[in-house]
Amino acid sequence: MELWIPITIGAATAQTLRFMLQKRLKSMALSTAGATFARFIYSAPLVAVIALVYATASGQGTPQIPPAFWPYALAGGTSQILATMCVVALFSHRNFAVGITFKKSEVLLSALFGFLILGDTFTPLTITAMMIGLAGVLLLSDPPGGIGPWRKRIFNRATALGLGAGVLFGISGNGVRGAALSLAEGDVFYRAIVTLALVTAFQTISMALWLAWRERGEIMRVLSAWRVAGLVGVTSMIGSICWFTAYTLQNAAYVNAVGQIELLFSLMIGAFVFGEKVSLREWQGLALLTLSIIMLVLLL
């Protein structure tokens with residue numbers, strides 16, 4: 001098994017735990033932006049320390065940041081903020097497992113953006129596996145108890161938020177990968193942690209400015225909820241380090257495809273933590289997504 005696969009599984013585990021904690025934060029009267037900000041404010045200092053320690057201990061020193069790095073990094077960081085906000089807002093409309101599932105449209109979208117932006121290529125079998133995964137997502141788009149024409153049930157606010165998250169996470173993954181690959185020197189982890197440190201710092205500053213301007217008092221509410229918000233930051237840091245490393249090793253579409261294992265974790269958390277039930281249609285969607293994961297791992 002290639003190294004990026006277990007790293008991706010670790011990323012998916014940490015990300016599922018982070019979204020679980022952010023759903024808790026949303027129920028603690030924090031706004032969508034506040035629950036999203038918690039991800040960055042508590043993780044950015046930790047990532048900066050890890051980057052500094054690793055750069056010093058490995059003897060690789062201060063990175064040389066080329067001009068090409070910044071467009072990728074800023075696009076990836078901004079789209080990641082917006083994508084996270086979409087997922088957090090989605091939790092108000094659908095249960096935890098379905099909310100996480102919606103964002104998995106990023107798999108096919110990552111392939112499209114990877115092709116358009118980075119020139120990534122894919123085999124027919126790989127594309128087939130991704131399409132099977134997308135079919136699973138569509139099965140989960142129809143809300144429980146929905147009535148009326150299928151098309152109207154599929155295209156709703158929850159679907160818009162979910163697909164929006166997928167588009168934005170697709171852009172984010174390729175932006176991060178492009179930024180890391182633009183660094184000419186350093187090993188894989190060095191390039192990943194430097195990229196993460198700079199992107200997370202940008203995200204923290206930009207969100208703090210936004211909240212200070214548009215949502216007075218929200219920053220203090222996030223700081224007051226430090227017990228849960230701090231865990232959001234730690235799980236975000238772990239997940240981001242794994243994601244950034246995986247994106248540096250492999251193209252974003254493949255990484256996000258294997259990352260669909262997050263769906264299994266979200267179903268378990270939805271059932272055991274939030275007491276949510278899974279319908280027959282949702283199980284069918286899960287089966288297709290699991291098949292997609294297995295095919296992709298075998299093909300890669």
- Can I81 and F40 be said to form a side-chain contact (heavy atoms from CB on, under 4.5 Å), step by step? CA-CA 9 Å; I81 290 173; F40 305 115; 3.8 Å; yes

Q.
side-chain contact (heavy atoms from CB on, under 4.5 Å), that's the test. Do V255 and L249 meet it? Break it down for me.
A. CA-CA 9 Å; V255 171; L249 290 168; over 6 Å; no

Take D187 and Y54, measure what side-chain contact (heavy atoms from CB on, under 4.5 Å) needs, and give me the verdict at the end.
CA-CA 11 Å; D187 59 38; Y54 185 78; 2.7 Å; yes

- Walk me through it: do I269 and F19 pass the test side-chain contact (heavy atoms from CB on, under 4.5 Å)? CA-CA 10 Å; I269 287 176; F19 277 126; over 6 Å; no

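The number of heavy atoms from other shown groups lying within 6.0 Å of CE (M220) does not exceed 12.
In this structure, a donor-acceptor pair under 3.5 Å is absent between the side chains of R18 and T235.
Hydrophobic clustering, with ILVMFWY side chains joined whenever heavy atoms are under 4.5 angstrom apart, keeps I50 apart from L52. Transitive grouping of hydrophobic side chains (ILVMFWY, heavy atoms separated by less than 4.5 Å) keeps L280 and L291 in distinct clusters. The hydrophobic cluster containing L211 also contains L30, counting ILVMFWY residues as joined when their side-chain heavy atoms lie under 4.5 angstrom apart, directly or transitively. Transitive grouping of hydrophobic side chains (ILVMFWY, heavy atoms separated by less than 4.5 Å) brings I9 and M268 into a common cluster. Hydrophobic clustering, with ILVMFWY side chains joined whenever heavy atoms are under 4.5 angstrom apart, groups F189 together with F69.
Across every non-hydrogen atom of L168 and C86, the tightest pair is CD1-SG, 4.2 Å. For the residue pair W213 and R216, the shortest heavy atom distance occurs at O-NE, 4.3 Å. In this structure, S43 and G233 approach most closely via the heavy-atom pair CB-O, 3.2 Å. Taking both residues in full, the closest heavy atoms of A197 and A48 are given as CB-CA, 4.5 Å, listed atom of the first, atom of the second, then distance. What you find for A35 and V88 is that their closest heavy atoms are CB-CG1, 4.0 Å. A73 approaches A179 most closely through the heavy-atom pair N-CB, 3.9 Å.
For T8, the side-chain hydrogen bond (donor to acceptor under 3.5 Å, both in side chains) test picks out no residue, with sequence neighbours left out.
Rounding to the nearest 0.5 Å places CG of L223 at 6.5 Å from CD1 of I41. Expressed to the nearest 0.5 Å, how far CD of Q284 lies from CG of L288 amounts to 8.0 Å. Atoms CD1 and OG1, from I193 and T245 in turn, are 7.0 Å apart once rounded to the nearest 0.5 Å. Here OG1 of T36 is found 9.0 Å from NZ of K26. Values are rounded to the nearest 0.5 Å. The distance from the CG atom of L82 to the CE atom of M85 is 7.0 Å, given to the nearest 0.5 Å. L209 contributes atom CG, which lies 7.5 Å from atom CD1 of I205 (distance to the nearest 0.5 angstrom).
Counting only heavy atoms from C-beta outward, the side chains of Q203 and V199 approach each other to under 4.5 Å. Side-chain contact between Y42 and L231 is absent, with no heavy atoms from C-beta onward closer than 4.5 Å. For the pair R191/L181, a side-chain contact is recorded, criterion being any heavy-atom separation below 4.5 Å from C-beta on. By the 4.5 Å heavy-atom criterion applied to side chains, T248 and T195 are not counted as neighbours. Between V188 and F244 there is no side-chain heavy-atom pair separated by less than 4.5 Å. Two residues are said to be in side-chain contact when any heavy atoms from C-beta on lie closer than 4.5 Å; V87 and Q22 fail this criterion. Taking 4.5 Å as the limit, every side-chain heavy atom of F265 sits out of range of all side-chain heavy atoms of L17.
With hydrogens and angles disregarded, no donor-acceptor distance shorter than 3.5 Å links the side chain of S240 to the backbone of M237. A donor-acceptor contact shorter than 3.5 Å is absent between the side chain of T200 and the backbone of A44. Panel note: side chain R177, backbone Q250; a donor-acceptor pair is recorded below 3.5 Å. Judged by distance alone, the side chain of Y190 and the main-chain N or O of E185 form no donor-acceptor pair under 3.5 Å. Checked by atom type and distance alone, the side chain of E218 pairs as donor or acceptor with a backbone atom of S31 at under 3.5 Å.
Note on ring orientation: taking the six-membered ring where Trp is involved, the planes of W243 and Y247 are parallel (angle under 30°, cut-offs 30° and 60°).
F96 does not carry K23 over the face of its six-membered ring by the limits of under 6.0 Å from the centre and within 45° of the normal.
For the pairing with V49, the side chain to side chain contact (heavy atoms under 4.5 Å, CB included) check across V47, L46, V53 returns one residue only, V53.
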